[in-house]
Structures are given as structure tokens and as C-alpha cells.
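A, B, ... follow the sequence lines: proteins, then strands. Residue 1 opens every chain.
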Amino acid sequence: MEKREVVKILSEISTLLELKGENPFKSRSYSNAARVLEGTPDDLAALTSDDRLEGLKGIGEGIGKKIRELATTGTLVYYEELKSGFPPGILEMLRIPNLGPKRVKILYEKLDVKSVAELEYACNENRLLTLPGFGEKSQDNILKGIELVRRSSNQFLFSDAWEEAEPLLEALRASRKVAEASVAGSLRRRKEVVKDIDIVAASEHPEDVMDLFCTHTSVDEVLEKGSTKSNVRLKCGIAVDLRIVPVEAYPFLLHHMTGSKNHNIAMRSRAQKMGLKMSEWGLFDKSGRSMACRDEKEIFAALGLDEIQPEMREDMGEIEAAEEHALPALISREDLAGVLHCHTHYSDGISTVEEMVKRAAELGFAYIGISDHSQSAGYAGGLKEADLQKQWKEIEQVQRKYPSIRILKGTESDILVDGSLDYPDAILRKFDFVVASIHSRFNMDEDEMTARILKAIENPYTTIVGHPTGRLLLGRDPFKVNIDKMLTAARKRGVAIELNANPQRLDLDWRFLKKAKEMKVAITINPDAHSVHGISDVEYGCGIARKGWLEAGDVLNTKDAAELTRFAEAHRGHS
DNA sequence: GCCGTTTTCGGCCCGACTGTTTTCAGTCG
């Protein structure tokens with residue numbers, strides 16, 4: 001069984017326990033265990049082979065045993081029994097906003113409603129009005145919620161949410177009544193996919209600011225409006241929360257709303273153990289006196305911690321590291337010396353070689369790697385040998401015109417079904433670098449796919465494995481590959497692993513980056529640009545690299561072009 | 001169900017808003 005499936009079952013158990021009305025802390029321990037398991041880079045087989053599983057904080061004897069049962073037998077008696085107590089459609093009702101386990105339980109027990117469709121029917125017959133705790137408003141809101149769930153998946157790419165957040169933030173900052181404002185929540189933490197947008201502000205006139213916010217042109221509907229908190233839905237479908245506090249509480253609000261939830265719980269538990277109480281309003285001692293903090297750094301310091309960057313606040317070891325002064329100095333966009341993996345109109349890009357080079361130079365890069373698709377990639381206009389000759393000539397001309405930036409000749413070669421690359425060696429050796437990527441037969445089983453990729457890694461001409469799991473966020477699941485084996489082979493052979501910065505990919509996932517770093521595997525943050533605009537996508541990649549605790553030294557394209565070509569040459573020397 | 005520099009038992013983060021209620025439960029983050 002895949003770890004992903006175990007994670008799903010654990011969180012489902014958590015939900016079912018809530019529905020059952022069990023001890024909420026018991027339910028929480030299952031969702032916590034699911035999160036912890038998801039966050040560890042190791043696969044299930046590695047975790048269950050020794051005592052490492054129960055060593056994870058949040059997985060004890062009980063849940064550990066259940067995970068082992070799932071890993072060895074593929075099923076879990078406890079889960080099956082729990083599940084059989086409820087009709088199968090009941091979980092989908094929980095996706096409706098503002099409808100939680102308590103009220104779903106009432107709907108099921110009193111009205112025998114077992115699915116979203118039945119719930120809709122019951123609403124239309126006004127049958128909810130008779131229930132305790134329900135009224136006309138709730139019934140209307142549930143109908144609206146059903147509409148919303150049907151219309152969208154309720155999840156958005158980071159890049160899309162970011163683009164919506166920026167004008168809102170600018171409008172707030174432009175107001176004289178706003179002292180400070182920032183994006184918070186998962187967007188500030190740079191999660192690859194977000195559910196909503198959180199914005200925080202400091203103001204002495206919160207009502208006026210709320211009015212400004214709720215009447216912004218991008219707002220479609222005001223869902224909630226108070227003096228310190230409002231919630232709206234934008235025309236594009238994303239919900240936005242705005243919280244406002246006075247200036248002195250602002251750093252606490254910013255920290256609180258940035259989360260993650262589990263990071264906050266850990267921070268507040270820590271405060272509690274120190275005899276303090278922490279909330280979005282401040283940090284208070286036993287007598288209720290508030291301790292002034294001018295920024296987040298001072299909040300962390302008050303709890304005996306180094307400042308933790310927002311991207312790392314996932315309660316995945318950052319608090320322990322902050323306590324031991326062992327936090328990494330995270331990479332930033334300015335650390336990148338050059339960009340690799342760029343397409344042009346020769347294959348499926350839309351910009352010319354010169355346009356791409358000019359743009360990269362404007363962005364301050366010292367080199368750019370052109371890597372169009374290879375000959376078998378008919379779907380993307382892959383280059384035949386004659387096209388390559390033509391492109392190389394063109395690159396040499398452009399190079400003369402732009403002496404300040406080095407142009408590297410590369411290719412994004414398909415990894416063919418048998419693991420070989422898509423050009424003969426005589427051509428491959430002419431490239432400065434080769435990105436090897438899977439673009440076909442995604443449905444292979446794990447052993448086959450792993451063998452296919454390992455063979456590509458062993459090819460002396462491979463420099464980088466491109467988008468190593470092939471996922472499309474909100475679109476296509478990653479293909480099955482043993483990441484551990486891939487990283488081990490990459491390290492051994494001196495091949496880099498791509499962190500593809502396209503906002504739809506962001507692949508390799510940040511949860512594996514930390515592991516790659518520990519294994520000293522070189523990572524390249526590549527734009528996979530298909531136009532001049534795509535080059536700056538490396539910014540998204542840097543956000544994900546930071547979530548994976550990467551420092552400048554862990555990333556290959558922070559080095560200069562000479563070092564990069566030496567890296568490529570070194571692998572060729574291996575053969 | 002998990003966990004322990006107060007504890008192996010008894011805790012488990014904290015507050016805002018809504019809708020339903022006459023003081024609060026449910027939901028969310």
C-alpha cells in the first residue's frame with residue numbers, strides 16, 4: 001500500500017470519529033498522525049521495517065500498529081468497522097462550507113440525509129427548518145454551499161491566488177487608515193495549492209477599512225462582516241479573509257494568521273509551558289500583562305526561538321531547530337545565478353531564442369540554458385537533428401549580440417519507455433547540459449518506472465532529471481516512482497534533480513526536498529519557461545525550495561556557468 | 001490516541017463570527 005493511501009485513511013478515521021461524536025482529542029490525534037506521516041520523506045516500507053514509525057512525534061503505539069496493519073495486509077479492521085457505521089455519501093457533505101461533523105450528524109440522524117444530493121432535496125422541501133440549531137439562513141447557506149462545491153474544487157494554484165491578492169493588498173496599503181497590511185495564511189507560507197487568501201492589517205479605524213475591503217471591485221459577495229474580521233468571495237471564486245487589529249497587536253495577528261494551524265498550536269503550547277498565553281492579540285504573562293513585540297522576530301525571541309521564516313512554519317521540526325539555533329539560511333531568488341530548462345518557438349515555446357536571452361539578461365541572470373523538446377516529442381514539436389543544427393547556429397549569433405550573458409545549449413530529452421534518451425550519443429555529447437524527462441506512459445507500475453528513470457540517470461549525458469514525478473497540481477497525480485532510489489542514484493552518479501518552478505508543477509514536491517538536501521543531492525530550480533514571461537516563474541520555485549529548507553549551497557544554478565558545465569562534464573566522465 | 005524539564009494520568013490553543021438562541025454551539029482558521 002502507498003503512503004498516500006494510508007494518510008488518506010488516517011484522516012478519514014479522524015473525520016469519522018468526529019461524526020461519531022468521539023473524544024475530539026482522539027480524532028485530532030489521527031489527523032495529526034496523518035499530517036506527520038505525509039510530511040516524512042520516507043516511504044512506508046522504510047518506516048515500517050524498523051522502529052522509526054513509532055519514533056515520529058504524533059505516532060504512538062495505537063496508530064503505529066494500525067499503520068503496520070495497513071502496510072502488511074492492505075486493510076484495517078478498525079477502519080472498515082468505523083466506516084460501516086455510516087453511509088458512503090456522508091463524507092462528501094463535509095465539503096460544504098460551514099457544515100461540520102456536528103451538524104452533519106444531526107442531518108443524518110434526524111432527517112436520514114445520506115448524501116449531498118439528498119441534502120439538496122431536503123433543503124428544497126424546507127425540511128431543515130424543524131431541526132434544532134438550524135433555521136432559514138442555514139438552509140439557504142447550505143444550498144449556496146452545495147452550488148459552490150459543485151462549481152469548483154475549492155482549491156487554487158498559489159500563482160492564481162497570489163495574483164488576486166496583490167491588488168487587494170495594494171488597495172488596502174493605499175488607504176491612509178491602514179498602518180500596515182500583509183498577506184498571511186498558506187499564501188504567505190507559499191503552499192503550492194491554497195484554499196483561500198488571508199490578509200491582515202493594522203488600523204485604528206477598522207470599520208472604514210472593512211468597508212473599503214468589502215466594496216473592492218474584485219469582490220462578488222460579502223459572506224461575513226465584523227469590526228475585526230470579514231470574509232468575502234471574489235468574482236474568480238476564491239474566498240478572502242481580512243483581519244484587522246490595532247498597531248500594537250499587528251505582529252501577533254500576522255504570526256497567528258500565517259499559521260500553519262499546527263505551528264500555532266506548537267507555539268502556543270510552548271508559551272503555555274513558559275507560563276504565558278499567546279493569541280492574535282498578544283503575548284500575556286500570568287497577571288494578564290501584555291509583552292510588547294515590534295515584529296515577528298521579537299515574538300519568537302520572547303519564546304526563546306530564532307526567527308522562523310513563514311515558509312517553514314509547518315510544525316515539521318522548525319521549532320526544535322529554532323531552539324537549537326540550527327535554522328537554515330534559506331535561499332532567495334537573488335541567489336540564482338542563471339536559469340536552465342527554457343523552451344523556444346523551435347518546439348512548443350512561443351518566444352524566440354533572442355527574446356528569451358534578452359529577458360534573462362534583463363532579469364540579471366549570468367546564463368540561460370535553452371532546452372527544447374527532443375525528436376520523439378511529436379506532441380510538442382520536438383527537434384530533429386537538422387533543427388538542432390539550425391538552432392545552434394542561431395544561438396551562436398545571439399551569443400555574439402549578448403556577450404554579457406552565457407547561452408548554454410541544452411535539450412529536454414524524453415526518457416523513452418526503455419529508459420534511454422532520445423538522441424544518439426554523437427548528438428548528446430554536443431549539448432552543454434541535458435534535462436531528461438518523462439512525457440509518456442505515466443501509468444507504469446512503480447518498479448518499471450523507477451527502473452526507467454534509474455537507467456536515464458545512469459546515462460552519462462543526463463545532467464538533470466526534469467519534473468521528476470510528472471504531477472500537475474489540481475490536475476494529474478504524480479506517476480509512481482521510488483523517490484528514495486531516484487535520489488540515491490542521482491547522488492551517486494552526480495545527476496541533479498529538478499525543482500520545476502512552473503506553478504502547475506512545483507515538482508519535486510517540497511516534502512522531499514529536505515530529504516534530498518540531507519542526502520546532498522544537487523537541486524536545480526528551473527523555470528520550464530515556454531515564453532519570456534515564464535522565466536520569472538523561478539520565483540515560485542524559490543518559494544518551494546524555502547519550504548524544503550534549501551540554502552543557496554544546495555542549489556546547482558546558484559553557481560556560475562563554469563561550475564555548472566563542470567558538473568555536467570563530471571558525470572560524463574563517470575562512464 | 002498522544003505525550004511528559006510540573007505529569008505514566010490528566011491534560012490536550014485560542015478567539016471571531018454566524019445563526020440560533022436568550023447565553024451559546026458550531027465552524028473556521
task = Give a yes/no on whether any side-chain N or O of A:Ser27 is located under 4.0 angstrom from OP1 or OP2 of B:dG1.
result = no

inquiry  = For B:dA25, give the paired nucleotide (Watson-Crick: N1-N3 plus N6-O4 or O6-N4; G-U: N1-O2 and O6-N3; both under 3.5 Å), or none.
reply    = B:dT18

ask   = B:dG1 P sits how many Å from A:Leu82 CG, rounded?
value = 11 Å

request  = Name every residue in residues 294-323 of chain A that has at least one heavy atom under 4.0 Å from any atom of DNA chain B, in order of residue number, or write none if there are no such residues.
outcome  = none

ask   = If we take the C1' atom in both B:dT20 and B:dG26, what is their distance in whole Å?
value = 10 Å

key: Whole-Å distance separating the CE atom of A:Met210 from the C1' atom of B:dC17   = 11 Å

Residues which pass ring-ring contact (aromatic ring centres under 6.0 Å, His included) with A:Trp281, listed by chain and number, not counting sequence neighbours = none

ask   = Mind checking what makes side chain to side chain donor-acceptor pair (under 3.5 Å) contact with A:Asp295, not counting sequence neighbours?
value = none

query = How long is the line joining CG of A:Leu276 and P of B:dC14, in whole Å?
reply = 11 Å

Nearest-angstrom distance from the residue atom CG of A:Leu17 to C1' of B:dC2 = 14 Å

remark   = Rounding to 0.5 Å, atoms OG1 (A:Thr72) and CD1 (A:Ile67) come to a distance of 11.5 Å

message = Short of 4.0 Å, heavy atom to strand atom, which residues of residues 53-69 of chain A count as contacting DNA chain B?
response = A:Leu56, A:Lys57, A:Gly58, A:Ile59, A:Gly60, A:Glu61, A:Gly62, A:Ile63, A:Lys66

message = Check the orientation of A:Tyr540 and A:Phe158. Use parallel for under 30°, tilted for 30 to 60°, and perpendicular for over 60°.
response = perpendicular

note = Sorted by chain and number, sequence neighbours left out, side-chain contact (heavy atoms from CB on, under 4.5 Å) with A:Asn502 holds for A:Asn500, A:Gln504, A:Arg505

request  = Provide the distance between the two C1' atoms, one in B:dT7 and one in B:dC2, to the nearest whole Å.
outcome  = 14 Å

query = What integer distance in Å separates A:Lys137:NZ from B:dC17:C1'?
reply = 12 Å

key: First of A:Gly135 and A:Asn264 reached from the 5' end of DNA chain B, by closest nucleotide   = A:Asn264

query = Expressed as a whole number of Å, how far does the C1' atom of B:dT23 sit from that of B:dT18?
reply = 15 Å

query = What integer number of Å spans the C1' atoms of B:dT6 and B:dC12?
reply = 15 Å

ask   = Rounded to whole angstroms, how far apart are CZ on A:Arg243 and C1' on B:dG15?
value = 7 Å

task = Grab the NE2-C1' distance between A:His255 and B:dC14 for me, whole Å please.
result = 13 Å

message = Distance check needed: B:dG1 P versus A:Ile9 CD1, whole Å only.
response = 17 Å

task = Tell me which of A:Tyr78 and A:Glu224 sits closer to the 5' end of DNA chain B, going by the nucleotide each one is nearest to.
result = A:Tyr78

ask   = What pairs meet the salt bridge (charged side-chain N to carboxylate O under 4.0 Å, His left out) rule with one or both residues in residues 160-169 of chain A, with sequence neighbours excluded?
value = none

remark   = Exactly one of A:Leu128, A:Asn141, A:Leu129 clears side-chain contact (heavy atoms from CB on, under 4.5 Å) with A:Glu136, and that residue is A:Leu129

C1' gap between B:dG15 and B:dT5, integer Å = 30 Å

Hey, what are the protein-to-nucleotides 6-12 of chain B N/O distances that come in under 3.5 Å?
none

key: Inter-nucleotide C1' distance (B:dT8, B:dG1), Å rounded   = 14 Å

request  = Rounded to the nearest 0.5 Å, what's the gap from CZ on A:Arg173 to CG on A:Leu168? Could you check?
outcome  = 12.0 Å

message = Can you pull out every side-chain hydrogen bond (donor to acceptor under 3.5 Å, both in side chains) where at least one residue sits in residues 250-263 of chain A? Sequence neighbours excluded, please.
response = A:Arg188-A:Thr258, A:His255-A:His263, A:His256-A:Arg268, A:His263-A:Glu318

task = Flag the pair A:Asp509 / A:Glu192 as yes when at least one side-chain heavy-atom distance between them is below 4.5 Å, and no otherwise.
result = yes

inquiry  = Applying a 4.0 Å non-hydrogen cut-off, can you work out what A:Thr258 is touching in the nucleic acid: base, sugar-phosphate, or nothing?
reply    = nothing

inquiry  = On the nucleotide B:dT18, are OP1 or OP2 found under 4.0 Å from the side-chain N or O atoms that A:Asn141 carries?
reply    = no

query = Using a cut-off of 4.0 Å on non-hydrogen atoms, how would the nucleic acid contact of A:Met278 be classed: base, sugar-phosphate, or nothing?
reply = sugar-phosphate

message = When you measure from the side-chain N and O atoms of A:Thr228 to the phosphate of B:dC17, is any distance below 4.0 Å, counting only OP1 and OP2?
response = yes

message = Tell me every residue that passes side-chain contact (heavy atoms from CB on, under 4.5 Å) with A:Pro206, counting only those two or more places apart in sequence or in another chain.
response = A:Ile244

note = Per-nt protein contacts along nucleotides 21-29 of chain B (heavy atom under 4.0 Å; B base, S backbone sugar-phosphate only, - none) come out as -----SSSB

task = Could you walk me through whether A:Leu16 and A:Glu22 pass side-chain contact (heavy atoms from CB on, under 4.5 Å), step by step?
result = CA-CA 9 Å; A:Leu16 290 167; A:Glu22 268 272 12; over 6 Å; no

task = With rounding to the nearest 0.5 Å, note down the distance linking CG in A:Leu305 to CD in A:Glu324.
result = 10.5 Å

message = I'd like to check the side-chain contact (heavy atoms from CB on, under 4.5 Å) partners of A:Lys273; sequence neighbours left out, ordered by chain and number.
response = none

key: Gap in Å between the two C1' atoms, one belonging to B:dC13 and one to B:dC3, rounded   = 16 Å

inquiry  = Going by side-chain contact (heavy atoms from CB on, under 4.5 Å), A:Leu283 matches just one of A:Met267, A:Met278, A:Glu298. Which one?
reply    = A:Met278

task = Determine the Euclidean distance between corresponding P atoms of B:dT27 and B:dT21; express it in Å to zero decimal places.
result = 15 Å

message = Could you work out, with side-chain contact (heavy atoms from CB on, under 4.5 Å) as the rule, every residue matching A:Lys110, not counting sequence neighbours?
response = A:Ile106, A:Leu131

